[in-house]
Amino acid sequence: MIKITLPDGSIREYNKGVTSHDIALSISEGLARNVLSAKVNGEVWDSNRPIFEDSVVQLLTWNDEDGKATFWHSSAHLLAEALETLYPGTKFGIGPAIDNGFYYDIDLGDREFGGDDLAQVEKKMLELARQKNVYVRSKISKQDAISYFEEKGDKYKVELIQDLDDGSITLYKQGNFTDLCRGPHIPHTGLIKAIKLLNVAGAYWRGDEKRKQLTRVYGVSFPKQKELTEHLERLEEAKKRDHRKLGKELDLFTFSEKVGMGLPLWLPKGTILRERLENFMRRAQIKAGYDPVVTPHIGSKELYVTSGHYEKYGADSFQPITTPHEGEEFLLKPMNCPHHCEIYKSRPRSYKEMPVRYAEFGAVYRYEQSGELHGLTRVRGFTQDDAHIFCRPDQVKEEFINVIDLVLYVFNALGFEDYTAQVSLRDPENRENYIGADELWDRAEREIQEAADERALKTVTELGEAAFYGPKLDFMVKDALGRSWQLGTIQVDYTLPERFELEYTGADNQKHRPVMIHRAPFGSMERFVAVLIEHCGGNFPLWLAPDQIAVLPISEKYEDYAQRVLMTLSEQDIRGLIDNRDEKIGRKIRDAEVQKVPYMLILGEKEQVNGEVSVRKHGSGDLGSLKLDAFIKQFREEIKI
RNA sequence: GCCGAGAUAGCUCAGGGGUAGAGCGCUUCCUUGGUAAGGAAGAGGUCGGGGGUUCAAAUCCCCUUCUUGGCUCCA
């Protein structure tokens with residue numbers, strides 16, 4: 001007998017060789033039906049794999065992340081089986097479960113694979129699933145595995161096996177399909193009830209762009225049809241929040257082929273939104289002790305040679321601007337730091353005035369690869385809410401905390417709750433890849449971590465993700481489609497102070513080198529607005545809404561009154577518009593609702609006589625009438641941030 | 001950049017080798033109204049750009065530009 005410890009702490013005894021499926025069955029039949037795999041001593045196993053020793057077992061179902069992963073991984077095998085059946089000779093790469101489904105990388109030779117084929121494969125998968133084929137695990141020697149896949153002509157599998165240790169190789173077979181696989185898998189294909197193949201894409205074998213490009217087929221599957229339907233509905237819902245769609249519908253920004261790809265044009269309403277955000281940040285920064293500066297959009301090539309950016313990015317970026325003067329070259333600025341370094345250098349500095357903090361909404365230009373461009377989140381010209389802090393080494397931690405506070409203040413004001421902070425440190429194996437003295441790095445890395453802890457940030461630490469010039473802390477936020485974007489960033493830099501020979505005079509009357517901190521709480525205005533649009537689905541907080549109020553006269557008889565109301569609002573810095581079209585009130589309300597205008601003021605006979613406004617709130621309907629003064633008071637109360 | 005999908009009226013999209021379609025928007029007229037679409041008429045297109053096949057191309061083929069989903073999830 002062996003002892004099995006379950007998650008609730010209870011210990012049960014079973015015969016040697018018991019499977020997790022047996023264990024589930026001993027608890028309830030329903031549970032046994034739903035068990036997909038099981039975590040045995042921390043490792044995910046097949047539910048029908050026998051257990052021979054005392055173990056800690058956690059049964060995994062669809063409701064566990066690991067259970068879902070098992071389910072999708074098995075679905076990937078099913079996809080492969082369907083592909084092999086339909087297109088014999090297909091060579092297989094890898095087919096893992098991913099965050100939201102699964103994929104399989106395949107080599108179809110010269111065959112083209114497009115949209116119509118997906119439905120065919122999907123049908124075949126369902127057909128195979130209904131056969132309830134069992135996933136069978138078997139151990140095999142390295143040599144046998146190689147001969148098996150060589151015979152089959154699966155060169156990618158052979159390559160994978162070459163890298164594996166003999167004795168650790170397992171195969172999984174379901175129906176007529178055998179795959180090299182570590183497992184685990186669900187008991188049988190019959191559990192897969194609903195399948196949707198989403199799209200095909202190219203993917204380089206082993207992520208290496210020098211190697212062959214395989215066809216990647218993406219799909220998602222579920223144990224119940226209803227869950228698939230819901231999943232597809234969620235995807236639809238997310239599309240409605242896409243900032244590119246809302247940006248067009250709400251007249252916020254546009255792109256023009258003639259201006260150039262990746263170069264956003266801000267429309268009047270988008271500009272109001274953006275300027276409100278900028279002003280919000282300006283005020284917060286002044287409070288936090290920053291000094292605003294302004295620098296030009298170009299700088300001489302020498303500036304970037306000094307900063308090292310030319311060497312690193314020059315060839316892949318916008319090329320230098322030449323002048324009638326032979327040999328004179330300027331670059332569009334890809335970042336603001338070199339300019340700010342020169343401002344710092346404009347006069348001698350004392351330790352007493354540190355830290356020096358220069359802030360600028362700086363427009364920068366970077367030649368992103370065309371395939372990288374995406375709405376406002378990845379563009380070629382954008383404005384950073386940039387600032388550079390020049391401080392003494394002993395001030396790094398305090399400055400970090402100050403910046404974290406600023407970022408948290410911004411996130412809080414805008415209702416961002418779901419974010420994580422990523423602390424990026426050196427790769428401890430390859431310290432020589434980084435510039436700057438070891439003891440400075442050690443200290444800064446420690447202090448960043450301490451600063452994050454002091455503000456109780458939810459952090460993930462990534463080794464090897466630091467920039468070559470210093471460690472950093474990034475704030476990551478998810479968009480409507482679940483993609484993660486980096487917003488706020490704080491980076492320590494040891495390189496630029498060195499390259500620009502920045503100095504300050506210490507208490508000891510000696511020259512010292514300052515530490516530089518780059519930081520941008522929004523990241524860029526473009527990306528931040530994009531994420532904000534998706535975050536609030538276009539329903540901006542009242543203080544940011546491009547049009548805060550739509551004044552809707554019932555008929556043209558009340559237009560004069562509407563004008564007076566608008567004037568009064570405008571005097572109070574409230575942004576509004578009058579809808580004086582020859583339309584019925586229902587129509588005007590509908591259009592204002594669709595445009596997501598936060599408040600509507602409906603004006604007719606009654607209101608005009610009593611000096612009142614009939615208030616309607618976006619999404620909440622009629623709120624009744626009140627005096628204009630009272631409404632304005634209430635409005636200003638709500639807008640306070 | 002590479003692989004897939006796409007580009008038709010201002011917007012959303014249908015169509016498809018034989019004179020270009022809808023809804024919304026826009027203009028004009030009627031209507032002067034009470035909390036999510038009042039009615040009628042009209043304007044608007046070299047069907048992204050270039051080349052080819054054909055008696056005939058928006059439609060088929062090639063090239064090109066732009067948009068878009070991927071190319072980081074590891075047997």
Side-chain angles (χ1 to χ4, degrees), chain A residues 69 72-73 76-77 80 92-105 108 112-118 145 149 154 156-164 168-172 179-183 198-218 242 244-245 248-249 251 254-258 260-262 316 368-375 481 483-484 552-559 581-595 600-607 614-625:
Chain A
W72 282 331
H73 188 185
H77 279 229
F92 294 92
I94 59 167
I98 52 176
D99 286 350
N100 244 324
F102 57 90
Y103 67 79
Y104 220 112
D105 281 348
L108 287 155
E112 286 196 8
F113 191 80
D116 299 340
D117 300 315
L118 287 179
F149 285 104
D154 258 334
Y156 303 104
K157 294 291 181 189
V158 174
E159 185 183 327
L160 291 169
I161 297 166
Q162 308 284 9
D163 296 342
L164 298 175
S168 69
I169 299 172
T170 52
L171 300 181
Y172 274 82
D179 201 358
L180 169 73
C181 184
R182 185 193 293 136
L198 299 162
N199 53 11
V200 274
Y204 296 105
W205 172 233
R206 303 200 130 179
D208 182 349
E209 59 184 290
K210 289 185 193 68
R211 305 201 60 178
K212 178 156 171 115
Q213 187 157 31
L214 305 181
T215 304
R216 178 169 294 182
V217 182
Y218 282 93
D242 190 317
R244 292 166 301 183
K245 185 172 153 66
K248 192 177 270 181
E249 284 170 5
D251 283 326
T254 189
F255 289 89
S256 147
E257 247 180 70
K258 222 165 203 156
M261 60 201 288
D316 302 320
E368 302 289 352
Q369 285 198 31
S370 61
E372 297 287 330
L373 299 175
H374 178 92
L481 297 166
R483 283 179 291 223
S484 243
L552 312 179
I554 299 249
S555 85
E556 68 188 20
K557 286 189 228 154
Y558 313 105
E559 225 180 287
R581 289 175 305 167
D582 178 13
E583 294 289 351
K584 293 195 177 170
I585 195 66
R587 181 49 182 274
K588 295 183 183 183
I589 287 170
R590 184 191 142 77
D591 288 347
E593 289 279 357
V594 168
Q595 282 294 306
M600 285 148 272
L601 299 181
I602 289 122
L603 308 181
E605 176 79 30
K606 272 185 297 181
E607 290 76 14
S614 170
V615 182
R616 187 186 161 100
K617 191 170 182 170
H618 171 70
S620 329
D622 192 357
L623 298 183
S625 293

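What's counted below: heavy atoms across the whole structure, side chains too, no hydrogens, waters or symmetry copies. Order of the sequence lines sets the chain letters (A, B, ...), proteins ahead of strands, with each chain counted from 1. Computed from a predicted model, the values in this text were never measured in an experiment.
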Heteroatom pairs (N/O) under 3.5 angstrom, protein to nucleotides 31-33 of chain B:
{"from": "B:U31", "atom 1": "N3", "to": "A:D582", "atom 2": "OD1", "distance (Å)": "3.3"}
{"from": "B:U31", "atom 1": "N3", "to": "A:D582", "atom 2": "OD2", "distance (Å)": "2.9"}
{"from": "B:U31", "atom 1": "O4", "to": "A:D582", "atom 2": "OD2", "distance (Å)": "2.2"}
{"from": "B:U32", "atom 1": "O2", "to": "A:S555", "atom 2": "OG", "distance (Å)": "3.3"}
{"from": "B:U32", "atom 1": "O2", "to": "A:E556", "atom 2": "N", "distance (Å)": "3.4"}
{"from": "B:U32", "atom 1": "O4", "to": "A:E556", "atom 2": "OE1", "distance (Å)": "3.3"}
{"from": "B:U32", "atom 1": "O4", "to": "A:E556", "atom 2": "OE2", "distance (Å)": "3.3"}
{"from": "B:G33", "atom 1": "N7", "to": "A:I554", "atom 2": "O", "distance (Å)": "2.7"}
{"from": "B:G33", "atom 1": "O6", "to": "A:D582", "atom 2": "OD1", "distance (Å)": "3.4"}
{"from": "B:G33", "atom 1": "N1", "to": "A:D582", "atom 2": "OD1", "distance (Å)": "3.2"}

Could you run down the sub-3.5 Å N/O contacts of the protein with nucleotides 8-13 of chain B?
{"from": "B:U12", "atom 1": "OP1", "to": "A:K248", "atom 2": "NZ", "distance (Å)": "3.1"}

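Between A:R244 and A:D242 there is a salt bridge, since a side-chain N of the basic residue sits under 4.0 Å from a carboxylate O of the acidic one. With respect to the salt-bridge test (charged N to carboxylate O, under 4.0 angstrom), the residues A:K557 and A:E605 do not qualify. One finds a salt bridge joining A:E159 and A:R211 here, because a Lys/Arg side-chain nitrogen approaches an Asp/Glu carboxylate oxygen to under 4.0 Å.
Within the 4.0 Å cut-off from OP1 or OP2 of B:G69, at least one side-chain nitrogen or oxygen of A:H374 is found.
Residue contacts for A:R216: at a heavy-atom cut-off of 4.0 Å it reaches the sugar-phosphate backbone alone, with no base atom in range. A:G207 comes within 4.0 angstrom of sugar-phosphate atoms only, judged by non-hydrogen atoms across all strands, and of no base. Using a 4.0 Å heavy-atom cutoff across all strands shown, A:Y156 reaches no nucleic acid atom at all. Among the atoms of the strands shown, only primed sugar atoms or phosphate atoms (P, OP1, OP2) are found under 4.0 Å from some heavy atom of A:N199. Within the nucleic acid shown, A:A97 comes within 4.0 Å of sugar-phosphate atoms alone, with no base atom in reach, counting heavy atoms only. Note on A:L214: nothing from the nucleic acid sits closer than 4.0 angstrom, heavy atoms only. Across all strands, A:S256 comes closer than 4.0 Å to no nucleic acid atom at all (heavy-atom distances). Across all strands, A:E559 comes closer than 4.0 Å to no nucleic acid atom at all (heavy-atom distances). Residue contacts shown for A:L198 are absent, as no nucleic acid heavy atom lies under 4.0 Å away.
Comparing B:A9 with B:G45, their C1' atoms sit 6 Å apart, to the nearest whole Å. Taking the C1' atom of each, B:G48 and B:A58 are spaced 12 Å apart, rounded to whole Å. Rounded to a whole angstrom, the distance from the P atom of B:C3 to that of B:U19 is 37 Å. Distance noted for atom P between B:U35 and B:G15: 40 Å (whole Å). Comparing B:G44 with B:C24, their C1' atoms sit 14 Å apart, to the nearest whole Å. To the nearest whole angstrom, the two P atoms, one in B:G42 and one in B:U32, are 24 Å apart. Taking atom C1' on both B:G69 and B:C11, the two are 23 Å apart, rounded to the nearest angstrom.
The interatomic distance linking A:R590 (CZ) with B:C24 (P) rounds to 11 Å, in whole Å.
Within the model, atoms CG of A:L373 and CZ of A:F255 stand 8.5 Å from one another, a figure rounded to the nearest 0.5 Å. Distance check, rounded to the nearest 0.5 Å: CZ of A:R581 to CG of A:D591 gives 4.5 Å. Between the CG atom in A:D105 and the CD1 atom in A:I94 there is a gap of 5.5 Å [rounded to 0.5 Å]. In this structure, A:I602 CD1 and A:I589 CD1 are separated by 4.0 Å, a value rounded to the nearest 0.5 Å.
Here the side chain of A:I94 is nearest to one of B:C71, B:C74, B:U35, namely B:C74. Among B:C3, B:A36, B:U68, the nucleotide with an atom closest to any side-chain atom of A:R244 is B:U68. Set against B:G69, B:G70, B:G4, the side chain of A:Y218 has B:G70 as its closest nucleotide. Relative to the side chain of A:A203, the nucleotides B:G34, B:U67, B:C71 differ in distance, and B:C71 lies closest.
The side-chain heavy atoms of A:D179 and A:K157, taken from C-beta on, include a pair separated by under 4.5 Å.
Base pairing of B:G45: no nucleotide in any strand meets the Watson-Crick or G-U wobble criterion (both distances under 3.5 Å).
Residue-to-nucleotide proximity on RNA chain B shows that, of A:G375 and A:L164, the 5′-proximal contact is made by A:G375.
A donor-acceptor pair under 3.5 Å links the side-chain atoms of A:E607 to the main chain of A:G604, judged by distance alone.
In terms of the side chain to side chain contact (heavy atoms under 4.5 Å, CB included) criterion, residue partners of A:D622 (sequence neighbours excluded) are, by chain and number, A:S614.
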